[in-house]
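Here the structure comes first, spelled out in structure tokens, and everything after it is commentary.
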Amino acid sequence: MGLYIFAEGYYSAVFAPGAEPRVPSATPFQPTTEEMMAQYQSIIVNTGTSEISGSTVTLRPIIARSPAFVGGQQTSEFRIEGNTLTLTETTVVAADGTPAPGAAGSLTLRRVE
């Protein structure tokens with residue numbers, strides 16, 4: 001589940017990958033260290049600029065959950081069919097060029113208004 005917003009050269013993305021629901025803290029707003037780590041690992045958050053060239057979109061985060069991703073980029077091939085956008089990642093790299101482990105995959109988004 002998540003939300004992507006694309007608007008005139010910018011994007012914002014917040015999503016929880018995987019099928020498992022996110023686990024809340026036993027005490028609301030006061031997670032233990034273990035709960036905080038699990039919560040951090042269960043969500044992707046970043047926002048920044050986007051650039052489209054042909055069927056490739058490049059995302060360059062200005063703010064991200066992972067500080068290493070700020071200044072890096074993600075490139076994906078995209079396909080739009082009706083209200084459905086499919087993104088297939090081709091590269092995800094940190095600001096220093098280090099590739100993100102296990103970042104390849106596809107994401108299917110449905111347009112809602």
If I take atom OG1 from residue Thr47 and atom CZ from residue Arg60, how far apart are they, to the nearest 0.5 angstrom? 14.5 Å
Ser42 versus Gln39, closest heavy-atom pair with distance: OG-O, 2.9 Å
I want to check something: taking the side chain as every heavy atom from C-beta on, are Ser66 and Tyr40 in contact at a cut-off of under 4.5 Å? yes
Residue pairs, two or more places apart or on separate chains, that pass side chain to side chain donor-acceptor pair (under 3.5 Å) and touch residues 99-110: Thr88-Ser106
Polar side-chain atom of Gln74 near backbone of Thr91 as donor-acceptor pair, under 3.5 Å: no
Which residues end up grouped with Leu85 if you chain together Ile, Leu, Val, Met, Phe, Trp and Tyr wherever their side-chain heavy atoms are less than 4.5 Å apart? Tyr4, Phe6, Tyr11, Phe15, Ile44, Ile52, Val57, Leu59, Phe78, Ile80, Leu87, Leu107, Leu109
What residue pairs, at least two apart or across chains, pass salt bridge (Lys or Arg N to Asp or Glu O under 4.0 Å) with a residue in residues 15-24? none
Please report the closest heavy-atom contact between Ile62 and Val70, naming both atoms and the distance. O-CG1, 3.4 Å
Using a strict cut-off of less than 4.0 Å between a Lys/Arg side-chain nitrogen and an Asp/Glu carboxylate oxygen, indicate whether Arg79 and Glu81 qualify as a salt bridge. yes
A quick test of your reading: do over 12 heavy atoms of other residues, nucleotides or ligands sit less than 6.0 Å from CE of Met37? no
Gap separating the CD atom of Gln30 from the CE atom of Met36, nearest 0.5 angstrom: 10.5 Å
Closest contact, heavy atoms only, Asn46 versus Pro61: CB-CB, 4.2 Å
What verdict does the side-chain hydrogen bond (donor to acceptor under 3.5 Å, both in side chains) test give for Ser55 and Glu77, after you've listed the backbone C-alpha separation in whole Å, the side-chain angles of each residue and the deciding distance to 0.1 Å? CA-CA 6 Å; Ser55 63; Glu77 292 299 312; 2.8 Å; yes
So which atom in Ser76 and which in Thr90 form the shortest heavy-atom distance, rounded to 0.1 Å? N-OG1, 3.9 Å
If you count the non-hydrogen atoms of other residues, nucleotides and ligands that lie under 6.0 Å from CZ in Arg111, is the total more than 12? no
Are any side-chain N or O atoms of Thr32 and backbone N or O atoms of Glu35, one a donor and one an acceptor, separated by less than 3.5 Å? yes
